[in-house]
2 protein chains.
Amino acid sequence: MAIRYLTARLAQQIDEELMNAAGAFSIDQLMELAGLACAQTLSKVYDKKKYPRVLVCCGPGNQGGDGLVAARHLSQFGYQPKIYLPKPGSKDLYKRLQTQCANMGIPTVNDLPSALPSSDVILDAIFGFSFKPPVRAPFDTDLPLLSSSGLPILSVDIPSGWDVERGNAEKIGLNPDVLISLTAPKLGVKDFKGRHFLGGRFVSKRSEEKFNLNLPEYPGYEQIVELTTPMPDHEPELKL
Amino acid sequence: MAIRYLTARLAQQIDEELMNAAGAFSIDQLMELAGLACAQTLSKVYDKKKYPRVLVCCGPGNQGGDGLVAARHLSQFGYQPKIYLPKPGSKDLYKRLQTQCANMGIPTVNDLPSALPSSDVILDAIFGFSFKPPVRAPFDTDLPLLSSSGLPILSVDIPSGWDVERGNAEKIGLNPDVLISLTAPKLGVKDFKGRHFLGGRFVSKRSEEKFNLNLPEYPGYEQIVELTTPMPDHEPELKL
């Protein structure tokens, strides 16, 4: 059985199931594990000796929160992260995550063009699975800047600018080298050609079965697993 | 510089610094990372093929919460944990952690004598660094039962029944095979002879320096690090 690629609606449903009264997870818990998985994926692919300077680009929502958690863990791993968050989130958790980063001595940069030349790799945590086009300012100018920087990009869950179901059909999104899907991959990344990891090892067997996720087995106590090449788009035709 | 062993007062101070307004960590975040580190340590030492049945013994406080988080992660890792918590905590977080375990299909056992023969290893998350003797019911009878079971024991932070500074001086505590200290080891375990790990990779460099913790380097993106043999108790005498 192949892994299931989620529609926007299903991704939303699974998140709600995790966090409702029955699921009982707090957003603090889930974001901590998600952000840790993002940082570990970056660390697995981009060695800190060769790529020490990580530019963590955060949107205003939960995706940006994952980025802030990842920045903190990257700092613990010995990287030199910087945070670019032109539209900080207004939630209390978002602000606390910013404070935690500041306590780690992680700088915030305000000017993207001047930050790019002193970065080795980009962690893209701008838009998540609830993104709907068009891309609004300042991200409408930021995405092309990130794309043209020539730096390697690791995107969280869905590359920024992609539709969660139709992918980069409108050609306005980033083209990351690496992707970490959270909980389960989304429909829009089914044809993603780069290295593809999965994180968010907190879905119960019960939920996995309920939603037919067919998640792969994570190795040992790892919080991330690399997915093998996606299945071909079209099933072989049925012979009647 | 040797790692610093913490007094009860200092351990309390560091926890407060992490969670106060300036530190900005929520207990949900810290407990998630601490419990994950506990589960990873158990997984590192006790192979799930040989020791699948983990009896997670939880006290009513934050130590018990770490145990509940660990039980959930152990279930994700493919172990078959059971929870023994004769005095469940009353905090909302504690209850949510219990629900998360129930959602994973992790059973709770009520009778320790009958649970022990069907267990392969014990995760001791009963008492933490705020424990003060005497051991009260039902743990006064539980600790001797755990000790005499002959099962391997992994203790969290401080073996249950030990004084955080004086160790097992009163001989009423468990004698674990493995210990995972959280944040930094406590004074009472300075002479611990078993395998000793450290978890809680969330202390900022700033706090580490402020409290002279001299923490070891964690490898790569790991959340745990094995400590080498503790330093001898007595410094060489100063020659005047």
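From a predicted model like this one, the values you see are computed outputs, not experimental measurements. Residue numbering restarts at 1 for every chain, and letters A, B, ... go by the order of the sequence lines.
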Side chain / backbone / both / neither for Gln98(A) at chain B, heavy atoms under 4.5 Å: neither
Tyr221(A) versus Glu222(B): any side-chain heavy-atom pair under 4.5 Å? yes
Heavy-atom proximity to chain B below 4.5 Å, by part of Leu18(A): neither
With rounding to the nearest 0.5 Å, note down the distance linking CG in Asp28(A) to CD1 in Ile27(B). 11.0 Å
Counting heavy-atom pairs under 4.5 Å with chain B, which one of Ser26(A), Ser75(A), Ala39(A) comes out on top? Ser26(A)
Identify which of Lys48(B), Met31(B), Lys44(B) forms the greatest number of heavy-atom pairs closer than 4.5 Å to chain A. Lys44(B)
Backbone N or O of Val203(B) within a donor-acceptor pair of the Gln76(A) side chain at under 3.5 Å? yes
Considering only heavy atoms, which portion of Ile224(A) lies under 4.5 Å from any heavy atom of chain B: side chain, backbone, both, or neither? side chain
Return the option, out of Asn103(A), Leu36(A), Leu93(A), with the maximum number of heavy-atom pairs under 4.5 Å with chain B. Asn103(A)
Under 4.5 Å to a heavy atom of chain B? For Arg201(A) that would be both
Please classify the contact of Tyr218(A) with chain B as side chain, backbone, both or neither, using a heavy-atom distance under 4.5 Å. neither
Honestly, the part of Leu74(A) sitting under 4.5 Å from a heavy atom of chain B is neither
Using a cut-off of under 4.5 Å for heavy-atom pairs, which of Met104(A), Gln40(A), Glu217(A), Arg96(A) has the most such pairs with chain B? Gln40(A)
Can you tell which part of Ala102(A) gets under 4.5 Å to a heavy atom of chain B, answering side chain, backbone, both or neither? backbone
Do Leu97(B) and Gln29(A) have side-chain heavy atoms sitting under 4.5 Å apart? yes
Hey, which of Glu32(B), Lys95(B), Gln100(B) has the most heavy atom pairs under 4.5 Å with chain A? Gln100(B)
